[in-house]
Student: 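This structure is in structure tokens; I'll ask about it shortly.
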Amino acid sequence: MPIMTTAEAIVAALIAHDLDTIYALPGVHNDPFFDALFKASDRIRTVHTRHEQGASLMALGAALATGKPQAYCVVPGPGLLNSATGLLTAHGTNAPVLALIGQIAQAAIGRGYGHLHEIRDQAGIIARLVDHSSRIDGPVDASRKVAKAIQSMRRGRPGPAAIECAIDVWGQRGRVSAIVLPSPARPPKIDDDKLRAAAKVLGKSRHVLIVAGGGAQDASPEVTLLSRMLQAPVLGYRRGRGVLDSRDPLSVTLPLGRELWAEADAVLAVGTRLFNPLRQWGVDKNLQIVRVDSDPEEPARLYKPKVALIGDAAPVLRKLIDEIPKYNLRRAPRREEMLDRQGKLRERLAKLAPQLAFLEAIRAELPEDGVYVDEVTQIGFAARLAFPVHKPRTFLSPGYQDNLGWGFATALGAQHARRDVPVLSISGDGGFLFTSNELASAMRHRIPLTVVVFNDGAFGNVRRIQEEHFGNRIIASDLANPDFVRYAQSFGADAERARNPDELRAALRRAFRRRDGPTLIEVPVGPMPSPWEFIHMPRVRGGN
Ligand SMILES: Cc1ncc(C[n+]2csc(CCOP(=O)(O)OP(=O)(O)O)c2C)c(N)n1
Ligand SMILES: [Mg+2]
């Protein structure tokens with residue numbers, strides 16, 4: 001048994017679990033940990049940020065882009081709270097993010113003396129944010145606790161975990177047990193009767209709709225095969241985009257999804273809360289729902305499904321693929337019908353022409369495997385409905401948190417973890433300034449992210465609601481902005497202004513060629529047409 005400090009044991013455990021980067025912001029509580037990172041810097045990179053929100057969101061972006069666990073480290077109290085948005089969004093997007101949080105001296109915890117960065121019941125706050133948390137008591141249990149945390153982040157429903165370590169524990173030296181590695185995932189145990197019941201429902205129904213959520217991102221081949229087998233359109237909105245390639249006419253977003261939901265006799269919901277369909281569009285007993293979810297609690301939360309199959313999407317769907325042919329009806333191909341529906345939707349979506357023209361420019365330049373990172377902005381809302389997505393994990397969205405300002409920092413993490421492809425972040429002028437300080441981190445770590453800032457001088461979404469629904473009483477939504485081009489240049493980043501979709505296209509072409517640092521493109525825009533009629537749509541089933 002080697003002798004190490006707690007900090008060294010944790011670093012060794014992270015490396016053994018294949019983590020190659022720590023996003024971090026240092027401070028006195030965690031000094032021995034940073035020293036251990038220094039000594040291991042040939043095996044694990046430390047990417048320091050300018051605010052803890054940046055650290056947690058970068059870890060989140062890396063996790064969403066790769067599907068693999070990522071970690072960040074911050075000081076206790078304000079550091080933890082500053083990073084909480086990233087943990088919240090990691091929980092909402094089921095992303096495996098490990099938070100390493102400092103703590104005041106062990107003997108002082110809970111006593112309220114007012115130590116530097118002390119916060120009341122830090123462990124309790126953390127426990128509300130993540131499903132798995134622990135405190136390391138010394139070098140002996142470091143490896144085991146890291147292994148448990150990482151295992152909890154991947155097993156069942158993935159999500160964030162946190163480990164606290166006190167200021168006087170990081171440097172403690174002692175014998176360390178061997179690194180514990182997680183045992184390989186077991187194939188899901190699925191009751192034969194349930195599998196048969198699900199296969200019968202899907203095989204014998206005429207009009208099946210597949211709804212894909214974030215939990216289907218690693219099951220794209222299986223969903224694609226099932227879509228063909230059942231002639232079932234696949235609905236993906238924010239976190240389910242890219243599971244079925246948008247070039248397939250059976251790939252749909254909300255407006256056609258609702259139309260098909262109204263007509264369906266069965267739904268296969270994969271790794272999705274099914275929130276929009278169940279809450280907005282309604283449900284009745286003629287719709288048989290089969291749920292596939294890694295979380296046993298999720299399927300019956302809003303509405304009891306006919307059958308729930310619990311496990312990771314890909315292996316469960318492979319079992320269904322083997323079983324369905326025993327019952328499967330012969331169905332006419334739906335390609336032509338779906339092309340027709342897609343054409344009609346395009347005519348309706350023409351209302352969003354200003355947004356769509358910019359999205360076309362982006363799609364024309366962003367390679368198929370390039371990653372698009374969503375934001376809560378006018379272009380973002382339109383992209384969720386109409387931006388073609390070709391591959392899984394190439395459309396990163398904050399899901400139901402929809403937190404303004406996640407985009408830029410999350411995209412930096414995605415680009416850091418996926419240096420092999422261009423990553424594009426879009427932002428409004430409002431959202432960008434939430435985390436734009438991380439331009440300094442992008443420069444320091446040479447992260448070649450491209451960010452497009454659509455500048456309408458306003459919290460445009462809020463402003464439009466005030467115009468349309470509150471008698472034009474505009475409050476707290478007009479913004480004073482910096483000159484974004486000069487702002488980015490002052491960090492040393494490349495920056496230019498694009499005044500229309502053609503100029504944006506040319507600017508993107510230049511930006512994607514640069515691989516040694518960030519580029520900002522500012523696009524001045526006016527007010528844009530409202531997308532809400534395509535997002536919040538009235539009920540189509542189950543009465544009022
Ligand atoms: C963390 C957070 N705070 C506040 C909001 C509420 N909100 C939604 S959209 C929006 C305005 C966005 O402005 P901007 O980024 O400029 O995009 P635009 O609508 O102008 O395109 C605000 C404040 C939010 N979604 N998230
Ligand atoms: Mg704006």
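Basis for what follows: all heavy atoms, side chains included, without hydrogens, waters or symmetry-related copies. All ligand and atom numbering here is 1-based and tracks the order in the structure. Positions are given from 1, in the same order as the sequence printed here.
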Student: Give the atom name of whichever N/O/S atom in D456 sits closest to the Mg ion (ligand 2).
Tutor: OD1
Student: With a 6.0 Å cut-off on ring centres, are F275 and Y400 close enough?
Tutor: no
Student: Do T49 and Y23 have a side chain donor and acceptor closer than 3.5 Å?
Tutor: no
Student: Below 2.8 Å, can you find an N, O or S atom of F454 next to the Mg ion (ligand 2)?
Tutor: no
Student: Answer with yes or no whether the side chains of N82 and Q53 bring together a donor and an acceptor at under 3.5 Å.
Tutor: no
Student: Quick one: sort the H445 and H48 rings into parallel, tilted or perpendicular, breaks at 30° and 60°.
Tutor: perpendicular
Student: Quick one: do R510 and E496 satisfy salt bridge (charged side-chain N to carboxylate O under 4.0 Å, His left out)? Show the steps, please.
Tutor: CA-CA 10 Å; R510 282 188 284 275; E496 62 178 297; 2.8 Å; yes
Student: Ring centroids only, cut at 6.0 angstrom: are W532 and F381 within range, meaning strictly under it?
Tutor: yes
Student: Residues two or more places apart in sequence or in another chain: which of them pass ring-ring contact (aromatic ring centres under 6.0 Å, His included) with H469?
Tutor: none
Student: Go ahead and list the nitrogen or oxygen contacts between ligand 1 and the protein that come in under 3.5 Å, distances to 0.1 Å, or just say none.
Tutor:
| from | atom 1 | to | atom 2 | distance (Å) |
| --- | --- | --- | --- | --- |
| ligand 1 | 15 (O) | G430 | N | 3.4 |
| ligand 1 | 15 (O) | G431 | N | 2.8 |
| ligand 1 | 16 (O) | D429 | N | 3.4 |
| ligand 1 | 16 (O) | D429 | OD1 | 2.7 |
| ligand 1 | 16 (O) | G430 | N | 2.8 |
| ligand 1 | 16 (O) | A458 | O | 2.9 |
| ligand 1 | 17 (O) | T377 | OG1 | 3.3 |
| ligand 1 | 19 (O) | Q378 | NE2 | 2.8 |
| ligand 1 | 19 (O) | G460 | N | 3.4 |
| ligand 1 | 19 (O) | N461 | N | 2.9 |
| ligand 1 | 20 (O) | D456 | OD1 | 3.2 |
| ligand 1 | 20 (O) | D456 | OD2 | 3.0 |
| ligand 1 | 20 (O) | A458 | O | 3.0 |
| ligand 1 | 20 (O) | G460 | N | 2.7 |
| ligand 1 | 21 (O) | T377 | OG1 | 2.6 |
| ligand 1 | 21 (O) | Q378 | N | 3.1 |
| ligand 1 | 25 (N) | D402 | O | 3.1 |
| ligand 1 | 26 (N) | L404 | N | 3.0 |

Student: Among the N/O/S atoms of D429, which is closest to the Mg ion (ligand 2)? Give the atom name.
Tutor: OD1
